[in-house]
Visitor: 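Submitted below is the structure of interest, expressed as structure tokens.
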Amino acid sequence: MSPTSTDATAPTPPLMQRAGACAALVEGAAYIIGIVLFAAYLLPQGFTDSADDPAATMAFMLDHRVLLYVWTFVIYLIAAAALVVLSLALTERFRPTSPALAQVGSAFGIIWSAVLFISGMIALVGQGAVADLVVADQNAAVQLWAAVSTIHDATGGDIEIVGVIWILIISLTGLRSTRLPKALSILGIVVGIAGTATFVPVIADVGAVFGLGFIIWYFWVAIVLWRTDTADTSMQETR
């Protein structure tokens, strides 16, 4: 073998793994910020589902526009950017033993990131458009807000199908390749199954486990990626 040839089974350089660890920490922190801010401030202040009362939610948005802007930016745009890095780090980790599954997982990770970017930008741009329109025509502003909210909800997590597919692929690949701890992969499968509750409106509230479980999963993944490279994990799991 020549010095310039590449060994497909060579360990992944730790730099990408550590970048993925940092991205996982960002993801977990974004989830915590989103959940805490929602439960501790937005709900007590009267935040409601736009589908129930778009006029009331529009008024709430106008009164808390800066806070909602920051909240949306963190849980959608920052999380979306971090997800790209984490997805690529996991792809590198799995590629030596499960190249096909690694590529499929990477594809769904990038798709999920794109969906989050789109949803977040729709919400942020929509907030500005509604705020401008309400001065001239309040009824039209309410209608616009209802439309923006529906599109945002459709892409932003009311149905978590892309995230469910991603975490299930990652977890199943982790079990198959032993490149993640077995317990971590099992947790990911549980989180993914919980997320399927969002597919059925009558049990959609059970989907909260999806978000809460993901926080634990993200921080655990961060520890694993930071402490070990791809070769280390494989050897530890097979000893």
Visitor: For a quick test of reading the model, state the closest non-hydrogen atom pair linking S106 to T91 and the distance between them.
Guide: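 Result for this residue pair: CB-OG1, 3.0 Å.
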
Visitor: Could you tell me if the side chain of I189 sits less than 4.5 Å from the side chain of L172, heavy atoms only?
Guide: yes

Visitor: Determine whether more than 12 heavy atoms belonging to other residues, nucleotides or ligands lie under 6.0 Å from atom CZ of F73.
Guide: no

Visitor: Quick one: pull up OG1 in T57 and CG in L62 and give me the separation to the nearest 0.5 Å.
Guide: 9.5 Å

Visitor: Can you see whether S185 engages S171 through a side-chain donor-acceptor pair at a distance of less than 3.5 angstrom?
Guide: no

Visitor: Consider only side-chain heavy atoms of I, L, V, M, F, W and Y, link residues closer than 4.5 Å, and tell whether L101 and L88 are in one cluster.
Guide: no

Visitor: Using 0.5 Å steps for rounding, measure from the CH2 atom of W145 to the NE2 atom of H152.
Guide: 7.5 Å

Visitor: Check step by step if ring pair (Phe, Tyr, Trp, His ring centres under 6.0 Å) holds for H64 and Y69.
Guide: CA-CA 9 Å; H64 303 82; Y69 188 99; over 10 Å; no

Visitor: Quick one: does any side-chain atom of R93 pair with a main-chain N or O of Q17 as donor and acceptor, under 3.5 Å?
Guide: no

Visitor: Scan side-chain atoms only and decide if Q127 and R65 contain a donor-acceptor pair under the 3.5 Å cut-off.
Guide: no

Visitor: Kindly indicate, with the supporting measurements, whether the criterion side chain to side chain contact (heavy atoms under 4.5 Å, CB included) is fulfilled by V26 and L86.
Guide: CA-CA 10 Å; V26 171; L86 176 57; over 6 Å; no

Visitor: For G34 versus I75, what's the shortest heavy-atom pair and its separation?
Guide: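 Where G34 meets I75 most closely, the heavy atoms are CA-CG2, 3.5 Å.
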
Visitor: Taking E160 for its side chain and T196 for its backbone only, find out whether a donor-acceptor pair lies under 3.5 Å.
Guide: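 No, the answer is negative, given that no donor and acceptor are paired below the 3.5 Å cut-off.
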
Visitor: Step by step, would you call D53 with F60 a side chain to side chain contact (heavy atoms under 4.5 Å, CB included)?
Guide: CA-CA 11 Å; D53 192 344; F60 183 90; over 6 Å; no

Visitor: How long is the straight-line distance from CD1 of I165 back to CD1 of I111, given to the nearest 0.5 Å?
Guide: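 Taking CD1 in I111 and CD1 in I165, the distance rounds to 8.5 Å.
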
Visitor: Pair F38, F47 - check ring pair (Phe, Tyr, Trp, His ring centres under 6.0 Å), show working.
Guide: CA-CA 9 Å; F38 180 78; F47 185 83; 5.7 Å; yes

Visitor: Restricting to non-hydrogen atoms, name the atom on G163 and the atom on F210 that form the minimum distance, rounded to 0.1 Å.
Guide: C-CZ, 4.0 Å

Visitor: Out of curiosity, I35 CD1 to L212 CG, how far, rounded to the nearest 0.5 Å?
Guide: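 Rounded to the nearest 0.5 Å, the CD1-CG separation comes to 4.5 Å.
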
Visitor: What I'd like to find out is whether the side chain of F117 reaches to under 4.5 Å of the side chain of T155, using heavy atoms alone.
Guide: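 Not in contact.
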
Visitor: Would you say Y41 ends up clustered with Y76 if hydrophobic residues are merged whenever their side chains have heavy atoms under 4.5 Å apart, either directly or through other cluster members?
Guide: yes

Visitor: Identify the two heavy atoms, one from F199 and one from I159, that lie closest to each other, and give their separation to 0.1 Å.
Guide: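 So the minimum-distance heavy-atom pair works out to CD2-CG2, 3.7 Å.
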
Visitor: Would you name the heavy atoms of M61 and L68 that are closest together and state the gap between them?
Guide: CA-CD1, 3.5 Å

Visitor: In the structure I gave you, are the side-chain heavy atoms of L25 and W226 within less than 4.5 Å of one another anywhere?
Guide: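 Not in contact.
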
Visitor: How long is the gap from CD on Q143 to CG on L133, to the nearest 0.5 Å?
Guide: 9.5 Å

Visitor: Taking atom CD of Q45 as the centre, report whether more than 12 heavy atoms of other residues, nucleotides or ligands fall under 6.0 Å from it.
Guide: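 Atom CD in Q45 is packed in, count exceeds 12.
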
Visitor: Start with the C-alpha distance between I32 and F219, add both sets of side-chain angles, then the distance that settles side chain to side chain contact (heavy atoms under 4.5 Å, CB included), and finish with yes or no.
Guide: CA-CA 11 Å; I32 290 176; F219 285 126; 3.6 Å; yes

Visitor: Quick check on the hydrophobic clustering: are V162 and V200 connected, directly or via other members, by side-chain heavy-atom contacts under 4.5 Å?
Guide: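 Yes: a chain of side-chain contacts under 4.5 Å links V162 to V200.
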
Visitor: Hydrophobic clusters here meaning ILVMFWY residues chained together by side-chain heavy-atom distances under 4.5 Å, can you tell me if I167 and V209 are in one?
Guide: no

Visitor: Is there a donor-acceptor pair closer than 3.5 Å between any side-chain N or O of S113 and the backbone N or O of A80?
Guide: yes

Visitor: Within a strict 4.5 Å, meaning less than it, do heavy atoms of the V191 and L168 side chains meet?
Guide: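 Answer no - side chains too far apart.
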
Visitor: Side chain to side chain contact (heavy atoms under 4.5 Å, CB included) between T72 and L77: does it pass, once the steps are laid out?
Guide: CA-CA 7 Å; T72 302; L77 302 189; over 6 Å; no

Visitor: For G20 versus L225, what's the shortest heavy-atom pair and its separation?
Guide: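 Minimum heavy-atom separation between G20 and L225: C-CD1, 3.7 Å.
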
Visitor: Within the structure provided, determine whether M58 and Q138 are in side-chain contact (heavy-atom separation under 4.5 Å).
Guide: yes

Visitor: Under a 3.5 Å distance rule, please check whether T173 uses its side chain to pair with a backbone N or O of I169 as donor and acceptor.
Guide: yes

Visitor: Parallel, tilted or perpendicular, judged at 30° and 60°: which one describes the rings of Y218 and F214?
Guide: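 Geometry flag for F214 against Y218: parallel rings.
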
Visitor: Taking the inter-plane angle between the rings of W166 and W112 on a 0 to 90° scale, is it parallel (under 30°), tilted (30 to 60°) or perpendicular (over 60°)?
Guide: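 The arrangement is tilted - the two ring planes meet at 30° to 60°.
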
Visitor: Do V125 and V134 sit in the same hydrophobic cluster, where Ile, Leu, Val, Met, Phe, Trp and Tyr count as joined when their side-chain heavy atoms come under 4.5 Å apart?
Guide: no

Visitor: Quick one: pull up CG in L144 and CG in N139 and give me the separation to the nearest 0.5 Å.
Guide: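 So the CG of L144 and the CG of N139 are separated by 12.5 Å.
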
